[in-house]
Amino acid sequence: MAENYDERTLIMKAIEGDEMSFETLILSCKGKAYNLAFRYMKNEEDAMDALQESFIKIYKNLSLFNFQSKFDTWVYRIVVNTCNDMLRKNRNQALGSNILSLYGGNSEDDEYELEIPDKADTPEESYEKKESSQYILECLEKLPDQHREIIILRDIRSFSYEEIAEILDCSIGTVKSRISRARIKLRDIYVNGDYTSD
């Protein structure tokens with residue numbers, strides 16, 4: 001599916017009811033969609049539930065796709081919205097697992113890394129790494145939903161500013177300002193255990 005024309009053709013066929021075309025479209029972005037859902041939902045079962053619900057929504061609303069964005073970006077937007085809906089229904093859900101590092105900084109040009117060692121040569125180092133990873137998860141969960149979401153998309157899933165703008169349906173400028181504020185909040189929580197709300 002290298003050519004846009006091929007993608008458009010598959011979408012048009014899927015809208016007309018061609019299940020094979022729909023499956024081809026979904027297979028092209030299923031892996032990244034699952035990883036995104038897993039970061040939100042924390043466990044495989046909930047991530048798969050979110051993914052299944054997302055694909056049902058995509059199938060039902062495929063005729064509404066306007067070709068103004070890439071198909072996979074549209075899919076990721078639906079996955080994010082579905083995960084947020086599920087998390088709102090069950091606030092006990094946690095986020096992510098096995099996070100080894102997060103980027104910080106006040107701008108794209110001023111980034112630093114809250115780094116957790118990727119190698120553990122001794123049991124003590126292994127324990128410290130596990131403790132640090134868990135602490136970052138706890139810090140992440142203390143962020144407001146909007147800030148946590150932008151950190152997941154940018155610093156954990158590595159979406160570009162343009163992709164995030166399309167997924168969240170906002171301007172690139174808004175994305176950058178949200179990332180800046182979210183990183184400051186996360187840094188404050190990481191260092192001080194809390195932050196001062198705006």
Side-chain angles (χ1 to χ4, degrees), residues 32-51 53-54 73-118 127-198:
K32 195 167 183 179
Y34 170 77
N35 288 334
L36 184 59
F38 186 82
R39 287 300 182 188
Y40 273 79
M41 307 308 298
K42 187 181 178 181
N43 64 74
E44 183 178 351
E45 183 178 352
D46 289 340
M48 289 303 297
D49 286 346
L51 207 59
E53 187 173 332
S54 297
T73 302
W74 183 68
V75 168
Y76 303 145
R77 182 189 304 169
I78 291 174
V79 172
V80 166
N81 290 338
T82 300
C83 288
N84 280 330
D85 289 342
M86 292 179 69
L87 287 170
R88 274 192 289 269
K89 290 175 185 175
N90 185 0
R91 296 308 300 173
N92 292 327
Q93 295 289 352
L95 289 171
S97 63
N98 300 325
I99 299 173
L100 295 182
S101 65
L102 291 173
Y103 290 95
N106 296 341
S107 71
E108 185 179 7
D109 301 322
D110 177 27
E111 291 192 335
Y112 59 88
E113 193 171 3
L114 300 174
E115 188 167 340
I116 298 165
D118 200 19
Y127 177 78
E128 287 178 9
K129 182 177 73 173
K130 192 175 296 184
E131 287 291 297
S132 297
S133 296
Q134 182 59 39
Y135 181 60
I136 286 186
L137 284 175
E138 291 171 2
C139 293
L140 189 62
E141 290 171 15
K142 290 179 182 178
L143 287 172
D145 290 345
Q146 189 179 77
H147 290 154
R148 184 169 59 238
E149 179 174 68
I150 208 81
I151 290 289
I152 290 173
L153 292 173
R154 176 60 179 172
D155 293 329
I156 297 177
R157 296 310 317 153
S158 301
F159 282 98
S160 69
Y161 289 114
E162 291 77 10
E163 288 174 321
I164 296 171
E166 289 188 22
I167 289 170
L168 300 182
D169 194 21
C170 62
S171 70
I172 292 177
T174 298
V175 169
K176 289 183 177 181
S177 65
R178 284 186 190 175
I179 291 171
S180 177
R181 289 196 299 270
R183 287 170 174 168
I184 292 171
K185 300 296 189 188
L186 182 60
R187 181 188 60 199
D188 289 347
I189 294 172
Y190 186 84
V191 174
N192 304 315
D194 204 348
Y195 70 92
T196 303
S197 60
D198 294 332

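Note that the numbering runs from 1 along the sequence shown for the chain. Every value quoted in this text rests on a predicted model; they were computed, and no experiment measured them.
The number of heavy-atom neighbours closer than 6.0 Å to CD of Glu44, taken from other residues, nucleotides and ligands shown, is 12 or below.
Contact of the Tyr76 side chain with the Glu163 side chain is not registered, since no non-hydrogen atoms from C-beta on lie closer than 4.5 Å. Residues Leu153 and Val175 fail the side-chain proximity criterion, which asks for heavy atoms closer than 4.5 Å. Counting heavy atoms from C-beta on, the side chains of Asp145 and Asn84 never come closer than 4.5 Å. The closest side-chain heavy-atom distance from Tyr34 to Met48 is below 4.5 Å.
Expressed to the nearest 0.5 Å, how far CG of Asp155 lies from CD1 of Ile179 amounts to 7.0 Å. In this structure, CG on Asn192 lies 10.0 Å from SG on Cys139, to the nearest 0.5 angstrom. To the nearest 0.5 Å, the span separating CD1 on Ile78 from CG on Leu51 amounts to 11.5 Å. Within the model, atoms CD of Glu149 and OH of Tyr40 stand 3.5 Å from one another, a figure rounded to the nearest 0.5 Å. Note that the CD atom of Glu166 and the OG1 atom of Thr73 stand 5.0 Å from one another [nearest 0.5 Å]. Interatomic distance, Arg148 CZ to Ile156 CD1, rounded to the nearest 0.5 Å: 10.5 Å.
Residue Ile151 comes nearest to Ala182 through the heavy atom pair CG1-CB, 3.9 Å, listed as atom of the first residue, atom of the second, then distance. Between Leu36 and Phe159, the closest heavy-atom pair is CD1-CE1, 3.9 Å. Minimum heavy-atom separation, Ala47 to Met41: N-CB, 3.8 Å. Taking both residues in full, the closest heavy atoms of Cys170 and Arg178 are given as SG-NH1, 4.3 Å, listed atom of the first, atom of the second, then distance.
When only modelled atom types and interatomic distance are considered, Ser177 and Thr174 share no side-chain donor-acceptor pair under 3.5 Å. Side-chain contact annotation: Asn43 with Asp46, donor-acceptor N/O pair under 3.5 Å present.
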message: Pair Arg77, Leu168 - check side-chain contact (heavy atoms from CB on, under 4.5 Å), show working.
response: CA-CA 7 Å; Arg77 182 189 304 169; Leu168 300 182; over 6 Å; no
- Item | Test log, rule side-chain contact (heavy atoms from CB on, under 4.5 Å), inputs His147 and Arg183 | CA-CA 8 Å; His147 290 154; Arg183 287 170 174 168; over 6 Å; no
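No cation-pi contact links Lys142 to Tyr190, judged by a cut-off of 6.0 Å to the six-membered ring centre and 45° from its axis.
Residues satisfying the salt bridge (Lys or Arg N to Asp or Glu O under 4.0 Å) test with Asp49, not counting sequence neighbours, are none. Take Ser54 and apply the side-chain hydrogen bond (donor to acceptor under 3.5 Å, both in side chains) test, not counting sequence neighbours, and it matches Thr82.
Using a 4.0 Å cut-off between charged nitrogen and carboxylate oxygen, Asp85 and Arg88 count as a salt-bridge pair.
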